[in-house]
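Just the heavy atoms: all of them, side chains too, but no hydrogens, waters or symmetry mates, feed the values below. To find a chain, count down the sequence lines: A is the first, B the second, and so on, and within it residues start at 1.
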Amino acid sequence: LATSSIKHNTLCVASIVRYKRKYVTQILYAPL
Amino acid sequence: SKEEDSTISILPTSLPQIHRANMLAQGLPAASKISPLVNKKSKTRWHFGIRSRSYPLDVMGEIYMALKNLGAEWAKPSEEDLWTIRVRWKYEVAQNKNNEKIPDLMKMIIQLFQIETNNYLVDFKFDGWESSYGEVSANVNLSEDEMSTFSAYPFLHLTTRLIMELAVNS
Amino acid sequence: EKIIVEQKLAVESIRAFLKSKTSYDVLPVSYRLIVLDTSLLVKKSLNVLLQNNIVSAPLWDAKTSRFAGLLTSSDFINVIQYYFSNPDKFELVDKLQLDGLKDIERAIGVEPPDTASIHPSRPLYEACIRMMDSTSRRIPLIDQDEDTHREIVVSVLTQYRILKFVALNCRETHFLRRPIGELNIITKNNVASCRMTTPVIDVIQLLSQGNVASIPIVDHEGTLINVYEAVDVLGLIKGGIYNDLSLSVGEALMRRSDDFEGVYTCTERDKLSTIMDNIRKSRVHRFFVTDDSGKLVGVLTLSDLLKYILLGE
């Protein structure tokens, strides 16, 4: 899990996932 | 293609600096108080997991408390590895329309790492799904390719819940 | 005659290229996909888009663990229109969450965007056709998680990305040497336009009613001076200016950040090969067609270009 510092009361987390032969950094922004 | 016969160009009066100068030249009152949007491309700085400077046992205590408050369950930790938590978390979703049975127990591994003296890192790892009704998900016979269609969003959502719980408690 | 035949053959081979590739092929080897939780406040989502220099993002509903459509500039236009007709509802707008945008659509009576989607391994040609039919300029690529059978948004393809992919990978674009004025692909009639002094709220209505992404600004002689784009609305809201909607569109355009590249113009004499050249080299989203004295003749959008490549000739 990758996390970024909380800004504007918003959390930002991410995971790098392989999709077939490519790599997607799936990033989710959610309210704190 | 021969460049010279192209009449494609950028409209000079549409460039922000020129547009602003033209507007100010007209001396309109509102114009002077509107400043351009600073497109701060603040590069998102990423950390691995979440950092902690508390004592290791305190961190573990906080995590167990947060998991308990969130209704998650965990395997009893083994003596030789106190710093790893194997979590199983029922992911309640609003029942979808065709009521299909989907795996609803997410497994997660939470591990405490020491980076340097009093600098610790809590790492979260997705560890697959189980079904609370005992059925084993039949993804064993998928080919290599299919095996990689994985959506991290349910996992990311639960980690945000846990991070919020830890933030609120601390 | 030779040029006409060459163009016809080139279009056919580009079409064959689009049928031979899948949407998955357009994806970079490694890329980011930013997704917003539907419980996020609309005004916070605006910060996220501007911070990441993007204008749209897929939404994810944690309650159903499903994707809930795309957030686009149209949503922000709806919010501005709702607020303009309900100025007393400032509190509601300020606390509006992304999952409340559907209610705003209903309140102002706009059609919810029908976001068609497509599986990443389908031919690129099919994604283009689906996007054209749904009059949206972007299409989510959806696959299924092998465990939970839940939807995964793998990425979102836009007309811009597809045309760039064609411009970068099809040498045949150099053989599209007929002037665009001959191809009947320029939108000339009833192109909504406005003046620099038009109130920005009226321009926003034009964007919404015409379901277009830009409104040209002309002077009293019809000479093109600037363009107001749907994405400019994000800057307007960011500045909190939407409660001062008496601003003229000229004043609202002063919000534009300095890295705005400017409005691209061309004439009817330009060839599709040079148009595609520019798409290859720069981030251009449409071409305003003017005559030699700079008077507005019409607009050539990426939709017009894509439609010609897919169905023209």
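Remark: side-chain polar atoms of B/Ser14 are paired, donor with acceptor, to backbone N or O of C/Val263 under 3.5 angstrom. Listed for the C/Asp145 side chain is no donor-acceptor partner under 3.5 Å among the backbone atoms of B/Phe150.
The shortest distance between side-chain heavy atoms of C/Met254 and B/Leu24 falls below 4.5 Å. Between C/Asn52 and B/Thr44, the closest side-chain pair of non-hydrogen atoms falls below 4.5 Å. Between B/His19 and C/Met196, some side-chain heavy-atom pair lies under the 4.5 Å cut-off. With a 4.5 Å cut-off on side-chain heavy atoms, B/Gln26 and C/Thr197 do not count as touching.
Contacts between C/Asp258 and chain B at a heavy-atom distance below 4.5 Å involve backbone atoms as well as side-chain atoms. Interface residue C/Arg269: only side-chain heavy atoms are found under 4.5 Å from chain B.
A donor-acceptor pair shorter than 3.5 Å can be found between the side chains of B/Thr7 and C/Asp270. In this structure, a donor-acceptor pair under 3.5 Å is absent between the side chains of B/Ser6 and C/Thr274.
Ring orientation note: the planes of C/Phe67 and B/Tyr153 are nearly perpendicular, at an angle over 60° on the 30°/60° scale.
Here C/Ser65 is the residue among C/Cys266, C/Gly262, C/Ser65 with the most heavy-atom pairs under 4.5 Å with chain B. Your options are B/Thr13, B/Leu15, B/Asn22, and the one with the most heavy-atom pairs under 4.5 Å with chain C is B/Thr13. Of the residues considered (B/Pro12, B/Ala152, B/Pro36), B/Pro36 shows the highest number of contacts with chain C, using heavy-atom pairs under 4.5 Å.
A salt bridge links C/Lys271 to B/Asp5: at least one charged side-chain nitrogen sits closer than 4.0 Å to a carboxylate oxygen.
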